[in-house]
Colleague: 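Before anything else, here's the structure in question.
Below, chain A is the first sequence line, B the second, and so on; all start at residue 1.
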Amino acid sequence: MNYKLSKNERLHSKKSIKELFDKGSSFFLYPFKVLFLEAGDSETNQVLFSVSKRKIKRAVNRNYVKRRMKEAYRLNKHLLDTVEPDKKRHVALIYVSHELQSFQDIQPKIVKILTRIAKTETP
RNA sequence: GAUGCAAGCCGAUUUGUCGCCGUCCCGUCUUUGGGCGGGAAGGAGGAAAGUCCGGGCAACAAAGAGCGCCAUACUUCCUAACGGGAAGGGCCCCACUCCUAUGAUGUGGGGUACAGAUAGUGCCACAGAAAACAAACCGCCGCGAAACGAUGUCUCGGGGUAAGGGUGAAAAGGUGGGGUAAGAGCCCACCGCUCCUACAGUGAUGCAGGAGGCAGGGUAAACCUUAUGGGUUGAAAGAUCAAAUAGGCUCCGGUCCAAGGGCUGCUCGUCCAAUCCCGAUCCGUCGGGAACCCGGAGUGGGUAGAUCGAUAGACCCUGCUUGCGAAGGCAGGGCUAGAUAAAUGACAAAUGGCUUUUGCCCUCGGGCAAAGGUUACAGAACCCGGCUUAUAGGCUUGCAUUUUUU
RNA sequence: GAUUCCGUAGCUCAGCUGGUAGAGCAAUACACUUUUAAUGUAUGGGUCCUGGGUUCGAGCCCCAGCGGGAUCA
């Protein structure tokens, strides 16, 4: 099993991010807002994590949340390929809570989100 | 030993599994840009924070001077520079000592935005007679007039007076004596204040002597004056390379005998339609060139993106040395993050520190064991020097208080 | 990374170049009404974000901090 999360699996292109936010489908699963979009030209699934400065003031706490989100995605990203292994997507995970949550709280939510995205038919 | 204050320093460790970032090495693939796999060593701070100052660096601007704006403000020094720091001076507060009823000198500690109020303007509520070119409410003291209970009392008028009362944060040098009708720096002594001179000190200033009868309340963290400094912007600065697409420019070729447009589902066909310049002309046109259009090549700017800026520096450690000190000099050694939708981690366990409860021991303050809790503040974003603020817990040094022992 | 503004009653805001902190809404009580609402009268309610400083005196001036908002590609 591949548990890595290298740079080409992270979404960092300004253009792709703009496209994702303009055209992507979205849903809420507290404490996350999720955007995703099918990307035909991409070789892998690409993901971005966002924690707002408005929601969480301290840089230390923002890092705390982002690292746990990354870990949860890294350990469960295979769930995206369970239904249609060839379909690749761009995904944005946005943390919208004001409070910190532990890894034990975050991981089950991420698992739920990834299975839901995998089952969704994107037109 | 305990407690408190001040200064300085440290600010968790280990193991396992899975990862992230750049550097180097090896292998492999390759479109020579790089991709993939493996390995090695490295990877947040004392404040990385706040962005309160200063500098480097960069772009732009710039004859010089003045006005304006902003900042700073005892002195000397340190420094690349500073609003930072060191040493010193003045002032204020506290303690001790001395003397005494109020202070003095000395010692120690703490604080201090500490230039100018005699350059000018403004403000000083309420209370109070009066709040700034002083002022007469009560009071005190003469003078004049009237009355009467007649050498006094009271009333009125017109004066003198800042000693006393009362108000206030503040009432126009203080204390004592002389003086006076009563008083008053009116005069005198001491203290204070201002000015001048000598001496000591680089200087702030100190100290001594002399002169002046005292003019001059506070507020500049009110406007302001004086002196000094500041060009503006800020890495989102700036530099280099530059895909695709669409423009610009240049060149070549084609069309111009026709480009283009309409009719038609399409071809053929047919109809409409030909800008400018030069030359020739029988004035009908003809020839050449340009433009338009089509195709190709090159090239400039520049977007996405990439690289640099950007991590070896006013650097760190040790020793010697100069200086009271901040700091400087010399010698030796060291290399210590470099990301960019933004790495330095996640999970689990153990250990250590601190602490709570229970049990046992004992020199009554600790030790041991078990269980539990807690392990802070905080995340580089161009770099550096400071300042300020946050911080579980621990260590060192100095001072003060207290207890015990000697 | 840079710039800038705000913090006053439960809420929304005033407070002039410093002198005893106010308005509207809300709250409480009373009146009116069969009752409620509306209306009227009265009342209470303030660490002027925090700490320090200047001043006789600070919501206002100065310094430091805390919290919140906005702008700049």
Side-chain angles (χ1 to χ4, degrees):
Chain A
M1 195 70 76
N2 178 12
Y3 288 119
K4 294 190 173 179
L5 186 65
S6 56
K7 188 161 177 178
N8 55 12
E9 294 182 54
R10 298 199 302 268
L11 189 57
H12 56 271
S13 161
K14 237 179 218 179
K15 238 166 114 184
S16 306
I17 292 167
K18 193 165 167 45
E19 198 183 344
L20 171 60
F21 274 81
D22 287 346
K23 300 181 187 167
S25 317
S26 72
F27 62 89
F28 279 89
L29 198 152
Y30 192 81
F32 299 103
K33 181 185 182 182
V34 184
L35 285 97
F36 62 98
L37 183 68
E38 192 175 348
D41 55 340
S42 183
E43 292 183 359
T44 60
N45 291 315
Q46 290 191 317
V47 65
L48 80 85
F49 307 92
S50 172
V51 180
S52 170
K53 199 172 183 178
R54 293 284 162 80
K55 301 282 181 186
I56 296 180
K57 294 287 180 190
R58 304 283 179 193
V60 169
N61 297 332
R62 283 201 300 277
N63 277 345
Y64 178 93
V65 172
K66 282 172 90 169
R67 281 167 180 159
R68 278 151 187 77
M69 286 163 70
K70 276 186 204 169
E71 284 294 307
Y73 177 85
R74 182 173 71 79
L75 297 172
N76 298 288
K77 64 175 182 175
H78 57 275
L79 295 171
L80 276 179
D81 297 330
T82 47
V83 179
E84 295 174 272
D86 293 333
K87 186 185 272 186
K88 299 302 175 192
R89 301 175 183 81
H90 289 167
V91 179
L93 293 170
I94 302 167
Y95 192 81
V96 295
S97 172
H98 287 273
E99 279 92 39
L100 300 182
Q101 296 201 359
S102 68
F103 185 75
Q104 280 75 13
D105 293 327
I106 288 174
Q107 190 172 17
K109 301 283 176 54
I110 297 283
V111 170
K112 265 178 148 176
I113 286 166
L114 295 183
T115 47
R116 178 165 167 183
I117 291 174
K119 288 174 188 165
T120 306
E121 284 296 323
T122 44

Colleague: Taking syn as within 90° of 0 and anti otherwise, name the glycosidic form of B:G158.
Modeller: anti

Colleague: With rounding to whole Å, what would you report as the distance between B:U75 and B:G90 at their P atoms?
Modeller: 15 Å

Colleague: Suppose you measure atom P in B:U202 against the same atom in B:U76; what distance do you get, rounded to whole Å?
Modeller: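 Between the two P atoms, the distance is 13 Å.
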
Colleague: Are any of A:Lys70's side-chain N or O atoms less than 4.0 Å away from OP1 or OP2 of B:C18?
Modeller: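 A:Lys70 to B:C18 OP1/OP2: no side-chain N or O under 4.0 Å.
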
Colleague: Looking at the side chain of A:Lys57, which of B:A346, C:G69, B:C20 is the nearest nucleotide?
Modeller: C:G69

Colleague: Return the OG to CG distance between A:Ser25 and A:Leu35, rounded to the nearest 0.5 Å.
Modeller: 8.5 Å

Colleague: Whole Å only: how far is the CD atom of A:Glu9 from the P atom of B:A343?
Modeller: 17 Å

Colleague: I need the CD-P distance between A:Glu71 and B:A343, as an integer number of Å.
Modeller: 13 Å

Colleague: Apply the syn/anti split at 90° from 0 to B:A44 and say which one it is.
Modeller: syn

Colleague: Partner lookup for B:A274, please. Criteria are Watson-Crick or G-U wobble with both distances under 3.5 angstrom; report none if nothing qualifies.
Modeller: none

Colleague: If the P atom of B:U51 is compared with that of B:A381, how far apart are they to the nearest Å?
Modeller: 12 Å

Colleague: Roughly, in whole Å, what's the span from CD in A:Gln107 to P in B:G19?
Modeller: 15 Å

Colleague: For C:C25, what is the paired nucleotide under Watson-Crick or G-U wobble rules, both distances under 3.5 Å?
Modeller: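 Paired with C:G10.
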
Colleague: Between B:C20, C:G68, B:G379, which one does the side chain of A:Asn63 approach most closely?
Modeller: B:G379

Colleague: Answer yes or no: is there a side-chain heavy-atom contact under 4.5 Å between A:Met69 and A:Val51?
Modeller: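 Yes - at least one pair of side-chain heavy atoms lies under 4.5 Å apart.
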
Colleague: Under a 3.5 Å cut-off for both contacts, is B:A378 paired Watson-Crick or G-U wobble with anything, and if yes, with which nucleotide?
Modeller: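 Answer to the pairing question: none, since B:A378 forms no Watson-Crick or G-U pair.
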
Colleague: A:Lys53 has an atom NZ; how far is it from atom P of B:A49, in whole Å?
Modeller: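 Nearest whole value for this atom pair: 12 Å.
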
Colleague: Please state how far atom CD1 in A:Ile110 lies from atom P in B:A346, giving the value in whole angstrom units.
Modeller: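 Computing the A:Ile110:CD1 to B:A346:P distance gives 16 Å.
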
Colleague: For B:G247 and B:G295, measure between their P atoms and round to the nearest Å.
Modeller: 11 Å

Colleague: Roughly, in whole Å, what's the span from OH in A:Tyr64 to C1' in B:G345?
Modeller: 12 Å

Colleague: Distance between the P atoms of B:G55 and B:G230, in whole angstroms?
Modeller: 9 Å

Colleague: For a quick test of reading the model: is some side-chain N or O of A:Arg68 closer than 4.0 Å to OP1 or OP2 of B:A346?
Modeller: yes

Colleague: Using Watson-Crick or G-U wobble geometry with both distances below 3.5 Å, tell me the partner of B:C190, or none.
Modeller: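 B:C190 is paired with B:G174.
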
Colleague: Looking at side-chain heavy atoms only, is the closest gap between A:Leu80 and A:Phe36 below 4.5 Å?
Modeller: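 They are not in contact (no side-chain heavy atoms under 4.5 Å apart), so the answer is no.
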
Colleague: Which nucleotide, B:A341, B:G345, B:C347, lies nearest any side-chain atom of A:Gln104?
Modeller: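 For the A:Gln104 side chain, the nearest candidate turns out to be B:C347.
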
Colleague: What I want to find out is whether A:Glu71 reaches A:Arg74 closely enough, with some N-O distance under 4.0 Å, to be called a salt bridge.
Modeller: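 The answer is yes: the pair qualifies as a salt bridge.
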
Colleague: Is B:G4 paired to anything, Watson-Crick or G-U wobble with both distances less than 3.5 Å, and if yes, which nucleotide?
Modeller: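 B:G4 is paired, partner B:C399.
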
Colleague: Quick one: are A:Ser6 and A:Lys4 in side-chain contact, heavy atoms under 4.5 Å?
Modeller: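 A:Ser6 does not reach A:Lys4 side chain to side chain.
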
Colleague: Nearest heavy atom decides the nucleotide; on that basis, is A:Ala59 or A:Ser6 closer to the 5' end of RNA chain B?
Modeller: A:Ser6

Colleague: Rounding to the closest angstrom, what is the interatomic distance between B:G89 and B:U118 at atom C1'?
Modeller: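 About 26 Å, rounded to a whole number of Å.
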
Colleague: Looking for any heavy atom pair under 4.0 Å, which part of the strands does A:Arg10 touch: base, sugar-phosphate only, or nothing?
Modeller: sugar-phosphate

Colleague: Just compare B:C347, B:G38, B:A378 and give me whichever is closest to any side-chain atom of A:Phe103.
Modeller: B:C347

Colleague: Say you pick atom C1' in B:C57 and the same atom in B:U31; how far apart are they, in whole Å?
Modeller: 41 Å

Colleague: Please evaluate the base of B:C18 for a donor-acceptor partner in the side chain of A:Arg74 within a cut-off of under 3.5 Å?
Modeller: yes

Colleague: Taking any strand in view, what nucleotide pairs with B:A339 in a Watson-Crick or G-U wobble way, both distances under 3.5 Å?
Modeller: none

Colleague: Compare the minimum distances between each of C:G69, B:C18, B:G19 and the side chain of A:Leu75, then state the nucleotide with the smallest one.
Modeller: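 The listed nucleotide nearest to A:Leu75's side chain is B:C18.
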
Colleague: Going by the glycosidic torsion and a 90 degree boundary from 0, is the base of B:G33 oriented syn or anti?
Modeller: syn

Colleague: How long is the span from the CD atom in A:Glu9 to the CD atom in A:Gln46, to the nearest 0.5 Å?
Modeller: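 Answer rounded to 0.5 Å: 9.0 Å.
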
Colleague: Using the glycosidic torsion, which applies to B:U375: syn (within 90° of 0) or anti (everything else)?
Modeller: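 B:U375: anti.
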
Colleague: Provide the closest heavy-atom pair for A:Phe32 versus A:Ile106 in the form atom of the first, atom of the second, distance.
Modeller: CZ-CG2, 3.8 Å

Colleague: Hunt down the Watson-Crick or G-U wobble partner of B:G319, both distances under 3.5 Å, from any strand shown, or write none.
Modeller: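 B:C330 - that is the nucleotide pairing with B:G319, both distances being under 3.5 Å.
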
Colleague: Would you mind reading off the distance between A:Asn76 atom CG and B:C18 atom P, rounded to a whole angstrom?
Modeller: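 From A:Asn76 CG to B:C18 P: 17 Å.
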
Colleague: Quick one: are A:Val91 and A:Ile113 in side-chain contact, heavy atoms under 4.5 Å?
Modeller: no

Colleague: If anything within 90° of 0 is syn and all else is anti, what is C:G24?
Modeller: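 C:G24: anti glycosidic orientation.
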
Colleague: When all nucleic acid strands are considered with a 4.0 Å heavy-atom cut-off, which category describes A:Lys66: base, sugar-phosphate, or nothing?
Modeller: nothing

Colleague: Expressed as a whole number of Å, how far does the C1' atom of B:A130 sit from that of B:U102?
Modeller: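 Approximately 34 Å lies between the C1' atom of B:A130 and that of B:U102.
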
Colleague: Taking C-beta and beyond as the side chain, do A:Arg58 and A:Tyr64 meet within less than 4.5 Å on heavy atoms?
Modeller: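 Counting from C-beta outward, A:Arg58 and A:Tyr64 never come under 4.5 Å.
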
Colleague: Contact class for A:Arg67 vs. all strands (heavy atom < 4.0 Å): base, sugar-phosphate, or nothing?
Modeller: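 Base contact - A:Arg67 has a heavy atom under 4.0 Å of at least one base atom.
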
Colleague: Paired with B:C20 by Watson-Crick or G-U wobble geometry, both distances under 3.5 Å: which nucleotide is it?
Modeller: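 The base-pairing partner of B:C20, which may sit in any strand shown, is B:G43.
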
Colleague: Without decimals, in angstroms, what is the distance between A:His78 NE2 and B:C18 C1'?
Modeller: 14 Å

